[in-house]
Amino acid sequence: MEAVGFPSLNTHTISCSSFLKRTPTKLPYQTNHLSTSRPRTPIYRTHQIRRSATRMQADNEDFELKQMRDMAAAKKRWDALIRDGKVKPLTPREAGYAIQLSNKTLLDVRPSTEHKKAWVKGSTWIPIFDVGDEFDAGTLSRKIMGFTMGGWWSGVPTLSYNNQFLSKVDEKFPKDTDLIVACQKGLRSIAACEVLYNAGYRNLFWVQGGLEAAEEEDLVREGPQPFKLAGIGGVSEFLGWTDQQRAAAAKEGWGYRFMFSARLVGIFLVADALFLGGQQLVHYLQDIRSH
């Protein structure tokens, strides 16, 4: 949660003075008779590579530790907001009643990847975190790390804090507006409630569990998918191996399961065809070289 404003930990650096002390000094009269027959690998380059790898590992550990500390501190603040009555929790069904009966506004703070799949009718969409379109070195490295650390499987993109979130909310809603804040699972929406409360909003309601916890009859939905499936993606969604899809399969029956089973069989068939095609190509190239 970099947007909350926690300072980053200092990166670890490793000194090479001990290495220099252990490196013997070669006397002028010492010669190496084998130097002309076999090239030597520079020792200092090997040491630099090891030192860089150790520094990268230390930086990654620092980043994970910082995230854990930031999340623990944020959770304490969020619990205090609810405990002190500054933010009032609602179930998805209670939020639906409040929207229909008392004409309260639902503020959807989900990223665009989730909002485009399903949204509450009449809601206002202002994401607090969204998929960034920057391609600087820092953002690109975070995107690559997120993809390799499981983003390819879960489909969860790398999100960046929306610096215009508060200004856009101020443009649409006065400070005394009753706002029901919702996201997919409830985490980003409680973070948005904290930002809004600190900005002067006092009538805040938080959808506990997010829209994923809503049943179809709780809220009036628009969009191509159910609320429960709006937060999934990646290879796991394609194969139907998410908890949300398993729950849907239990309700829908064998027809729903058969669709994803067919996809899995199709992947194996395509992989097998590519393997056999590669073997045939290798044999063909070998025959050309032999002739």
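Only heavy atoms go into these numbers, but all of them, side chains included; no hydrogens, no water, no symmetry mates. Worth saying up front: this structure is predicted, and the values here are computed from it rather than measured. In this chain, numbering begins with 1 at the start of the sequence shown.
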Go through the steps for D130 and S112 under the test side chain to side chain donor-acceptor pair (under 3.5 Å), then give the verdict. CA-CA 6 Å; D130 206 357; S112 56; 3.1 Å; yes
Sidechain-backbone polar pair: N203 side chain, D176 backbone, donor-acceptor under 3.5 Å: yes
Ion pair check, K185 and E114, cut-off under 4.0 Å: no
Can you list the steps and then say if Y201 with D178 is a side chain to side chain donor-acceptor pair (under 3.5 Å)? CA-CA 9 Å; Y201 288 88; D178 291 340; over 6 Å; no
Would you indicate whether the side-chain heavy atoms of P127 and V109 approach each other to under 4.5 Å? no
NZ (K104) with more than 12 external heavy atoms under 6.0 Å: yes
Is there a side-chain contact between L219 and V120 (heavy atoms, below 4.5 Å)? yes
Determine, for E215 against R93, whether the closest basic-nitrogen to carboxylate-oxygen distance falls under 4.0 angstrom. no
Identify the heavy atoms of V207 and A95 that sit nearest to each other, and give their distance. CG2-CB, 4.1 Å
Is any side-chain heavy atom of Q184 less than 4.5 Å from a side-chain heavy atom of P111? no
Would you say the side chain of E171 lies within less than 4.5 Å of the side chain of Q164, judging by non-hydrogen atoms? no
State whether the number of non-hydrogen atoms from other residues, nucleotides or ligands found under 6.0 Å of D84 atom CG is greater than 12. yes
With a 4.5 Å heavy-atom cut-off, do F173 and T124 have their side chains touching? yes
Would you say S290's side chain and Q286's backbone share a donor-acceptor pair under 3.5 angstrom? yes
I99, V87: one ILVMFWY side-chain cluster at the under-4.5 Å cut-off? no
Near K175 NZ, under 6.0 Å, is it more than 12 heavy atoms from other residues, nucleotides or ligands? yes
Can you name the nearest heavy-atom pair linking P92 to A214, along with the distance? CB-CB, 3.5 Å
Under the salt bridge (Lys or Arg N to Asp or Glu O under 4.0 Å) criterion, do E216 and K228 qualify, and how do the steps go? CA-CA 9 Å; E216 285 298 310; K228 294 183 181 296; over 6 Å; no
At their closest point, which heavy atom of P89 faces which heavy atom of E94, and how far apart are they? O-OE1, 4.3 Å
Can you spot which of V181, T177, L107, V195 makes a side-chain contact (heavy atoms from CB on, under 4.5 Å) with V169? L107
Where the side chain of R69 meets the backbone of M71, is there a donor-acceptor pair that is under 3.5 Å apart? no
Working for side chain to side chain contact (heavy atoms under 4.5 Å, CB included), residues R221 and W119: CA-CA 6 Å; R221 176 182 60 86; W119 60 91; over 6 Å; no
